[in-house]
Structure formats: C-alpha cells, structure tokens
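Working notes for the structure below.
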Protein chains: 2
Amino acid sequence: MEINELKIFLAVARQGSISRAAEELNYVQSNVTTRIKQLEERFGRPLFHRKSKGVCLTASGLILCDYAQRIIQLTGEAHDALSENAVPQGPLAISSMETTAAVRLPSLLADYHRRYPQVALNLVSAPSAESLKKLLDYQVDGAFIAGEVDPQAIESCEVFEEELVLVAPLDIDPLTMESLKILVFRPGCSYRARLENWLRQNGRLGYHSVELGSIEGILACVAAGMGISILPRSVVERPHLMQNCALHELPEPVRRMTTRFVWRRHEKPSTALQVFRELLPAP
Amino acid sequence: MEINELKIFLAVARQGSISRAAEELNYVQSNVTTRIKQLEERFGRPLFHRKSKGVCLTASGLILCDYAQRIIQLTGEAHDALSENAVPQGPLAISSMETTAAVRLPSLLADYHRRYPQVALNLVSAPSAESLKKLLDYQVDGAFIAGEVDPQAIESCEVFEEELVLVAPLDIDPLTMESLKILVFRPGCSYRARLENWLRQNGRLGYHSVELGSIEGILACVAAGMGISILPRSVVERPHLMQNCALHELPEPVRRMTTRFVWRRHEKPSTALQVFRELLPAP
DNA sequence: CTATTTTACGGCACTCGTAAACATT
DNA sequence: AATGTTTACGAGTGCCGTAAAATAG
C-alpha cells in the first residue's frame, strides 16, 4: 500500500468515477483502472461496485477510505511541518553555563517560548568545554559558553558582557587566606582557569579546588568561609544571594568575560535555531 | 513521500545506522543511503547527522519521525481492518419492509449489535420493490422482502413465515362495506397486491386505496372506520395495537406469506454481511 | 452511438544490487 | 586495517501512456 495508490483511490471514491478521477489526477484513465485493480487484488476484496455510470464504494472500500483520508492528511501535515516557511517547531536543545542559565536565560527563553510555543525547548547546564562536546556530538543545537572556539567547526556570536568579581568570605584577604580553597563548577568550567590564572599571577600557589554543582552551593560555601570563587557580578548581585560574601573587583583583563552563543558551522540550522539566534541580544 | 520510504527512514532512525537498517530491511546498504538522500533532497533539509559511527536524527528528522510513525501505524491498522480474519466492521446497510422491521428485527439487530459492535448498522424501511431497487443500486447490502426475486442477480433465503390477517373496523363486513378504502404502504408494497387479489376473487371491485407510511397510521385509520388492510398477525396482535379493530382470517393460500432475506449474487459479501446471514433464524 | 471500464502492449523511470571509492577511527 | 557512508553503473520491475476491445444504456 503506497501513498500514491491511496491518493488515486480517494480521487476515484470522491468522483464516483474512474475517468473523472483520471482527469483530476492528470492521469490517463486506463492507468487508474489498473491501479485500483491492483489495490483490490492486494487486499483480496473489491473496493468499488462497478455500475453502468461510474463506480461506488463497497463496504471494504468505505473502511479503506476512512484510513486513507487520515493517512493522506498526515502526509500533508508532515510536508507542511518540514516546509521552508513552516512555523518554528520541533526540538531545540541548548546547553548553557550555569551562570548564564541563572541570570540571562530565563527572560530570553520565556520570550522565545511566547513567540514560538511549538518549539520543544530543552535546556541543559554544562561547563563550556562540555557544552562544546555536546554540540559537536549533536546532543544540542546551540550553547552559551565563555572562551574561544575552533572557528573551523563552530560559528559563534557574542551575546553578553559580564564583569567578573572575586567572591570571598567577609573580612578575609583571599591572597593570604590559610588553606585556601577555590570553589568552582565541574571540570571544563571556564571560571576555574581564570581564577587559577589570577592566583598564580598574584603569587598564590598552594590551594585546593572544590567542585560544586550550583551557584547557590558555591555562594553558601563562600559565605561559610570555606573558600573563594569568581563569578559574574550580575549573578552575585541578586539581592537574595549577596549576603555574607565580600565582592572584590578584579583587574583588567581578568574582569572581562564575553559569553558567546555557538552553533555548528557547515550545517543548515533548523528554523527553530535560526529564530533563536535572531532573538539574541547584541552584546 | 511514499510509505516504503518512511519505513526505510524509520529503520535508520531506530537503528542509528544506515548499514544496520539495511540489514534489518534485507536491503543492500547503498540503497538505503540513496533512499535517505532522496528524502532529504525532496524536503530540502537533512534528516540525519552523519557521525563517524552511524547517524542520528536532526531536528527536522525528529519531526518527520513523529509523523512517519503515525502514518505507518495507520497503514498497519488499515491492513488489519481489511484482512481476511478481521472482526466484522464497517457499514452494513439493510432495507426492510415496515412490518418486519417492527416485529422481527428489533431483537435480531440488538443481538447482532451485541456480537459485532464494530459494525455500523444502517436500517431503512421500504416496500419490497423499492428494497430490491436499492439493493441492485448498491445503496443497501441486504433486504427483507416478500415475494419472488430474480434468481439471476439475487440470492435469498427464507427467514420468517407470517400469517396474514384482514384488519377491518369493528362490526363491519369488508366485502359489503360502502365506499371501501384499502389502506396500504407506498407503491411497491407486497401486501397491496395480495389484498387487491383477494378482493377481486371475492367479487369486490370498486374501492380506492390510501397510502400511509406507518403501521400505526394504518391501524388508526382502520379503527376509525376508514377502510381495511392486510397485515401479518404478529404485527397486529401486539396488545397495544389490536384495540378497535377486527381481525378476519384469510383463506389459503392468501394467508401465507414468506419473508426472505436477499442479497446480491456474484459478489463476495463483506464479513459484516456474512455473519449477519449466519445469525438469521431458520424459517 | 455515447459513456465508461477493461485489457493488451511498449517505453521509460525508478529501485535495487554490484562494486569501487571515500571518510573516519 | 576496520567500519561505515557515498558514488557510479547496469539490470529488472512496475508505472504510465497509446490503442483497441468490451460493456451498458
């Protein structure tokens, strides 16, 4: 049973006549006769009663008619959904740094979902390095990361400028703190490299690092005097979070961090991704 | 977009690999590659990401996957519904004399519907001649009629034996009644011929006929003294109907009427019709 | 004779398989 | 080298059109 056969079948059923169906389909009439006969042989039952003028459906024909209409309907919808100017729909998987997801994305994603409710958004948090791996592994279609990317395989645009600040326990000088711990996200976290860099430049070498999964976890540990971290000011300066931590400004260029949105080069992006990029703010 | 293409597409999506899909489908692998490429060209977008090991769906591929599954599902259901041993289903149109429909069919149809609830029963009432026309015009699949049929085009079996009785107003001799009217159904009614026959044989020639659409209408007019009619005893002897009418026995062979169920010869009957015939009582 | 469906037949496009090339690990 | 995808090409099937026959009013 093929789609084209069903279209022919439906045309005959609709017209009540093989010749008129042939006209409608721009087929020669004998061809339609043959295709109908094939269908009937395949099913082992007649689908039409042959009358002196035209044909009419048998009981079996009526049953098939019902299914055929639903099937043809679905193929039409499928074509529409995949056509060039379809409304953005289908899945859109995005990976993002934890901090960006916390501060920048909520309003952005809400706006996106309001405009394109047919898209099934899927947001996962991951450090930049991991995000890039997911992207190249086709697990996500785009990612928010910090740091450079291989321009061979990946295209990107700058989206957010963040000012990084050092977060430390109150009344403590991070550089002279005893048994210093740095609190960072999972491996691949771009903040970690920056923090370690800065510490090295300031002569502070001995420290341990502790990996935590969430912003709240890091800030709580800092407030408890466990260690220091480095985070975007926009993340820390939310009123409910900045208690019991001291913010220390960092020197240029460490303080400057650019968040980029990245996607695979050499690939026609889905409509959902295209309109997502169009919605991104200029940096 | 053809069904077979969709099956190939789904196999690749399921296996995550063109070669394994080819194995599953018993195709050569290059063929599957080609068919997928065709699909992609037709839609103008890639459906799979080519990875070093196998392939995985793109966003467009996921959308199509959804539709393809539903379409394949429907084709399977259609095949099942039209298969040899499917449960009886689909439409079954029956035409019947008014009297048979009133007395004999209610329990029969109820029983049928209880056993085969998937069949869409469609019962229409019509005089025997009209029923035969509908049958040969494929408007109904079977009919209950009285009288002979052309055995060339129509097959039949005897189903009910009725005793016909003359229905007349109380205290009136039908044969001497003034300005006699005979009350019958629409033209083509088999009772009418019998009644006219009997009147002629008994020397009664002058009368008019009145056509009424329902049993209740006929009996009410008889009770009101308007005229006489001829009906099966089983129809008249229902308690709520036999008031204010006199029943006169008729001589052989007029009193004997056989109701037959008829269907088109030279045609494979639908399953719904086959099981309907099996449910009919022996006469 | 008109309208319609059925059958017979030939060309051609499309699908499948073989085989070799290409890509990636 | 091994695994998997792409490309090139020849063979056969099945679809479509032409044409003529059958069927019915």
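Note: hydrogens, waters and symmetry copies are ignored here, and every other heavy atom, side chains too, is used. Predicted model, so just to flag it, every value in this text is computed and none were measured.
Between the B:Asp150 side chain and the B:Gln152 main chain, a donor and an acceptor come within less than 3.5 Å of each other.
For DNA chain C, the span of nucleotides reached by chain B at under 4.0 Å from its heavy atoms goes, 5' to 3', from C:dT15 to C:dT25.
One donor-acceptor pair, N or O on each side, does fall under 3.5 Å between the base of D:dT18 and the side chain of A:Ser30.
Rounded to an integer number of Å, the gap from A:Ile18 CD1 to D:dT23 P is 16 Å. Separating the CG atom of A:Asn26 from the C1' atom of D:dC15 is a distance of 16 Å, rounded to the nearest angstrom. Put simply, CD on A:Glu2 is 12 Å from P on D:dC16, counting in whole angstrom units.
Note that the CD atom of B:Gln29 and the OG1 atom of B:Thr34 stand 8.5 Å from one another [nearest 0.5 Å]. Separation of atoms CG (A:Leu74) and CG (B:Asp66) is listed at 9.5 Å; rounding is to 0.5 Å. Distance OG/B:Ser128 to CE/B:Met97: 5.0 Å, rounded to 0.5 Å.
At least one side-chain heavy atom of B:Ile94 sits less than 4.5 Å from a side-chain heavy atom of B:Phe261.
In this structure, of D:dT5, D:dT6, D:dG17, it is D:dT5 that holds the atom nearest to the side chain of B:Ser19.
Ring-centre distance between B:Tyr138 and A:Phe48: not below the 6.0 Å cut-off.
Counted within 6.0 Å of NE2 on B:His266, heavy atoms from surrounding residues, nucleotides or ligands total more than 12; the atom is thus considered enclosed.
Residues from residues 32-57 of chain A placing a heavy atom under 4.0 Å of any atom in DNA chain D, listed by number, are A:Arg35, A:Gln38, A:Ser52.
Under the 4.0 Å criterion applied to side-chain N and carboxylate O atoms, B:Lys268 and A:Glu40 are not assigned as salt-bridge partners.
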